[in-house]
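From a predicted model like this one, the values you see are computed outputs, not experimental measurements.
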Amino acid sequence: MKNIIAVGAGKGGVGKTTVAVNLALALARMGSRVGIIDADIYGPNVPIMLGLQGQLGTDGEKIVPPVKYDLQVVSMGFLTSDEAPVILARADAARRDPPVLERRALGQPRLPRSGPAARHR
């Protein structure tokens, strides 16, 4: 992975998803290889904005993200079968296991893990 751009704000409803999707589309149009991760557990809207439906695929070892408009897309919205928000029951359990968003097939090597999560491997 050469560059990471994070779009965030301390307030809801300010257009973070719109900015992220439009930025990703612009970079893809300019010829960059682009992936977008929609980790919003309360309202994952990237699949809706891009017209994607369904679940994430797998190659048996890694998640294979759907591609639309030359964007590889991973979204919390693919982890539910309806429009219900994703419920995370135990944050400490999530820290012990590798994040599901790390299990992707973007063709890039994983960066070494550091910090508290690395101790629980």
Exercise. May I ask you to test the S75-I37 pair for a side-chain heavy-atom distance under 4.5 Å?
Key: no

Quiz item: With side chains defined as the heavy atoms from C-beta onward, is the minimum distance between V73 and P65 less than 4.5 Å?
Solution: no

Practice problem: For S32 and V34, indicate whether the former's side chain and the latter's backbone hold a donor-acceptor pair under 3.5 Å. | Solution: no

Self-check item: Cluster overlap V14 with I5, hydrophobic side-chain contacts below 4.5 Å
Solution: no

Quiz item: Are V46 and I36 close enough that some pair of their side-chain heavy atoms sits under 4.5 Å apart?
Solution: yes

Quiz prompt | Residues that A6 engages under side chain to side chain contact (heavy atoms under 4.5 Å, CB included), provided they are two or more places apart | solution = none

Exercise. For the residue pair Q72 and R33, establish whether any side-chain heavy-atom pair is separated by less than 4.5 Å.
Key: yes

Practice problem: Determine, using the 4.5 Å side-chain heavy-atom cutoff (strictly less than), whether M49 and V7 are members of one ILVMFWY cluster. | Solution: no

Quiz item: Given D59 and V64, is the side-chain contact (heavy atoms from CB on, under 4.5 Å) satisfied, shown in steps?
Solution: CA-CA 7 Å; D59 67 0; V64 178; 3.9 Å; yes

Self-check item: For P66, side chain to side chain contact (heavy atoms under 4.5 Å, CB included) partners two or more places apart
Solution: L52, L56, F78

Quiz item: Which pair of heavy atoms, one from K68 and one from L50, lies closest together, and at what distance?
Solution: NZ-O, 3.1 Å

Self-check item: Contact check, side chains of T17 and N45, non-hydrogen atoms, under 4.5 Å
Solution: yes

N/O donor-acceptor pairs under 3.5 Å from side chains in residues 18-31, not counting sequence neighbours:
unit_1: N22; atom_1: ND2; unit_2: T18; atom_2: O; d: 2.9

